[in-house]
There are 2 protein chains.
Amino acid sequence: MHRLDESLLAPLPPFSFLERPQIRAILDRATSRRFDEGVSVFEEGAAANSFYLLLDGTIRVVKITPDGEQVTSLHIPAGQLFGIAPSLGRDTYPATAIAASELLTLCWPTSLWHSFVTDYPGFATETYKTVGNRVAEMNNRIVEMSTQHVEQRIARALLRLVKQSGKKTEIGIEIDFPITRQDVSEMTGTTLHTVSRLLSAWEKDGLVNSKRKKIIVCDPHRLVVLGGA
Amino acid sequence: MHRLDESLLAPLPPFSFLERPQIRAILDRATSRRFDEGVSVFEEGAAANSFYLLLDGTIRVVKITPDGEQVTSLHIPAGQLFGIAPSLGRDTYPATAIAASELLTLCWPTSLWHSFVTDYPGFATETYKTVGNRVAEMNNRIVEMSTQHVEQRIARALLRLVKQSGKKTEIGIEIDFPITRQDVSEMTGTTLHTVSRLLSAWEKDGLVNSKRKKIIVCDPHRLVVLGGA
DNA sequence: CCCGAACGTTGTTCTAGAGCAACCTTTGGC
DNA sequence: GCCAAAGGTTGCTCTAGAACAACGTTCGGG
């Protein structure tokens with residue numbers, strides 16, 4: 001394992017208040033791990049032995065129902081902590097984390113959580129801000145699912161992804177990881193058929209441009225309107 | 001304001017690790033407040049100036065959409081903290097808290113939050129466990145809304161309420177606060193009409209017994225089956 | 001005791017979107 | 001270069017449940 005550079009962590013919120021030696025200490029206790037696309041980092045219900053920092057790639061957080069259906073709760077972009085069950089007093093992961101693209105992560109044993117929180121100023125508060133944002137996002141999901149139609153939910157889902165993991169291209173903003181119709185349907189509680197139809201319609205209208213496993217949003221503004229101003 | 005007794009707080013999770021003098025200190029800094037049914041304790045988006053402990057009654061946590069629709073995210077039973085926005089680094093309440101019944105609360109200025117966390121062992125961890133449970137509940141809501149039919153969602157919603165705020169009676173377990181069809185529909189993302197129809201049907205089947213603003217679950221087991229084993 | 005508002009019921013209509021089905025397209029492994 | 005698997009499209013049917021509507025019932029305040 002080669003030595004990681006401090007500049008990797010220094011700009012990230014949970015570590016932004018720390019001095020170089022502290023970051024060094026954190027890095028020295030980290031294990032670096034790679035995951036292939038589609039592989040799961042941990043499974044719902046498993047003992048929460050580690051927590052992670054996502055260095056590169058995107059995580060899809062899913063729940064699997066007793067009858068095998070998948071529901072995507074959240075996407076986590078690079079630069080954020082994940083698998084931080086201990087922060088909410090859980091000793092087991094509440095959901096499964098799947099690599100939406102190839103991943104690069106750092107990983108610490110959960111036993112270190114407590115010392116991170118006490119030893120490193122700002123770590124706890126910044127981490128809880130992240131948790132707060134995720135909770136807020138989940139809350140929005142609930143409101144959307146209760147009040148909005150499929151078209152609006154899908155529009156918003158795409159906008160959220162674009163905002164979080166968008167990459168500028170000439171023709172629009174591209175979602176920066178492979179994503180299928182099925183994936184979108186699992187984010188919005190619909191079927192891949194409905195997503196496919198909508199995306200086709202939007203493509204005809206020049207709103208989006210999508211290929212196999214790729215979605216580019218060309219006209220975010222009109223999509224916002226569709227999502228319900 | 002009359003002096004509150006330490007035994008009020010001692011058994012509650014966030015305070016269960018504390019000595020009497022510490023609890024005394026906490027109580028001495030608390031303000032006790034009453035709220036009538038239907039009144040809101042705080043509103044979404046307002047500055048989070050206080051955090052609360054619910055001594056008696058039930059809180060309905062709602063979000064209101066731009067076009068005036070209400071969505072209930074959560075119910076909070078007596079004995080729990082609420083309005084704890086600061087725990088997730090927010091300076092504004094993420095939702096509105098409405099008194100589902102007459103309420104009795106204790107209330108502290110948010111400025112004390114930090115000292116509670118640092119001065120009182122177990123306070124932080126126990127509080128975050130509560131947050132964790134609420135997040136888990138929200139997660140379940142999302143999964144339910146994505147995969148289950150209205151009948152199952154309503155069945156589960158009732159079971160959740162009964163588990164959380166149930167009071168035994170001769171004919172079954174009663175939900176311990178006034179609750180209308182409309183309320184149930186706002187919890188499940190449906191209409192009061194659909195809820196009314198279902199409740200009528202269930203009543204005929206002897207599953208529930210409901211009057212105006214009252215719901216008694218007579219056969220929880222069969223309701224579990226309906227909710228999807 | 002009366003009246004109006006809040007709450008609840010029930011019937012009918014209508015449609016969004018699921019379900020089913022068939023087929024096309026891309027891709028990567030051998 | 002072929003072919004099987006994964007992903008995507010599109011048409012048709014059918015139904016859960018929303019929307020609309022009209023009418024009961026309970027309750028609390030003056």
Side-chain angles (χ1 to χ4, degrees), chain A residues 36-39 60 65 67-71 98 100-102 144-155 157-158 175 177-205 208-216 226 228, chain B residues 36-39 60 65 67-71 98 100-102 144-155 157-158 175 177-205 208-216 226 228:
Chain A
D36 281 321
E37 183 184 330
V39 162
R60 190 159 1 105
T65 65
D67 44 77
E69 281 184 283
Q70 288 199 2
V71 177
I98 293 179
S101 56
E102 198 191 333
E144 282 176 22
M145 302 261 303
S146 305
T147 60
Q148 316 249 173
H149 284 193
V150 173
E151 184 176 42
Q152 308 180 289
R153 302 209 304 265
I154 294 177
L158 292 188
I175 293 168
F177 54 88
I179 184 165
T180 67
R181 318 296 187 225
Q182 173 86 31
D183 291 334
V184 176
S185 75
E186 283 171 6
M187 298 176 59
T188 50
T190 27
T191 60
L192 71 161
H193 308 274
T194 304
V195 174
S196 177
R197 276 181 242 277
L198 264 172
L199 247 41
S200 296
W202 287 347
E203 180 118 34
K204 241 168 249 151
D205 263 357
V208 302
N209 188 298
S210 71
K211 315 203 185 340
R212 178 177 243 242
K213 291 199 180 198
K214 272 283 138 232
I215 302 179
I216 304 173
L226 274 182
Chain B
D36 281 321
E37 183 184 328
V39 162
R60 193 162 355 110
T65 64
D67 45 76
E69 280 184 284
Q70 289 199 1
V71 177
I98 293 179
S101 56
E102 199 190 334
E144 283 177 21
M145 302 261 303
S146 304
T147 61
Q148 315 248 187
H149 284 191
V150 173
E151 184 176 41
Q152 308 180 288
R153 303 210 304 265
I154 294 177
L158 292 187
I175 293 169
F177 55 87
I179 183 165
T180 66
R181 317 295 188 228
Q182 173 85 32
D183 291 334
V184 176
S185 76
E186 283 171 6
M187 297 177 60
T188 50
T190 24
T191 61
L192 71 160
H193 308 275
T194 303
V195 174
S196 177
R197 276 180 241 276
L198 264 172
L199 248 38
S200 297
W202 287 348
E203 180 118 34
K204 243 169 247 154
D205 263 356
V208 302
N209 187 299
S210 71
K211 314 202 188 340
R212 178 176 243 245
K213 289 198 180 201
K214 272 284 137 231
I215 302 179
I216 304 174
L226 273 182

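To find a chain, count down the sequence lines: A is the first, B the second, and so on, and within it residues start at 1.
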Can you tell me if the side-chain N/O atoms of [X] get under 4.0 Å from OP1 or OP2 in [N]?
X: B:Thr194; N: D:dA18; value: yes
X: B:Thr180; N: C:dC7; value: no
X: A:Ser200; N: D:dT10; value: yes
X: B:Ser196; N: C:dG8; value: no
X: B:Lys211; N: D:dT26; value: no
X: B:Arg197; N: C:dT9; value: no

I need the [atom1]-[atom2] distance between [X] and [N], as an integer number of Å.
X: B:Asp183; N: C:dC7; atom1: CG; atom2: C1'; value: 11 Å
X: B:His193; N: C:dG8; atom1: NE2; atom2: P; value: 12 Å
X: A:Glu203; N: D:dT10; atom1: CD; atom2: C1'; value: 15 Å
X: A:Ile215; N: D:dG8; atom1: CD1; atom2: P; value: 8 Å
X: B:Trp202; N: C:dG8; atom1: CH2; atom2: P; value: 15 Å
X: B:Lys213; N: D:dT25; atom1: NZ; atom2: C1'; value: 14 Å
X: A:Met145; N: C:dA18; atom1: CE; atom2: P; value: 11 Å
X: A:Gln152; N: D:dA18; atom1: CD; atom2: C1'; value: 15 Å

Side-chain heavy-atom pair B:Arg181, B:Ile215 within 4.5 angstrom cut-off: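 Yes, at least one pair of side-chain atoms sits under 4.5 Å.
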- prompt: Do the non-hydrogen side-chain atoms of B:Leu158 and B:Ile175 ever get within less than 4.5 Å of each other?
  reply: yes
Among the candidates [options], find the nucleotide nearest to the side-chain atoms of [X].
X: B:Arg212; options: C:dA21, D:dC20, D:dC27; value: D:dC27
X: A:Val150; options: C:dA6, C:dT26, C:dA18; value: C:dA18
X: B:Thr191; options: C:dT25, D:dT26, D:dA19; value: D:dA19

- request: Drop me the distance from A:Gln70's CD to A:Arg60's CZ, to the nearest 0.5 angstrom.
  value: 7.5 Å
- request: Please determine which of A:Leu199, A:Thr190, A:Val195 meets the side-chain contact (heavy atoms from CB on, under 4.5 Å) test together with A:Val184.
  value: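 The passing option is A:Val195.
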query: Considering heavy-atom distances to DNA chain D, does A:Lys204 or A:His149 have its closest nucleotide positioned more toward the 5' end?
result: A:Lys204
message: Taking the nucleotide of DNA chain D with the nearest heavy atom to each, does A:Ser210 or B:Thr190 sit closer to the 5' end?
response: A:Ser210
- request: Verify, without hydrogens or angle tests, whether A:Asp183 (side chain) and A:Thr180 (backbone) share a donor-acceptor contact under 3.5 angstrom.
  value: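 Confirmed, A:Asp183 side chain pairs with A:Thr180 backbone.
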message: Classify A:Arg181 by what it touches in the nucleic acid, base, sugar-phosphate, or nothing, heavy-atom distance under 4.0 Å.
response: sugar-phosphate
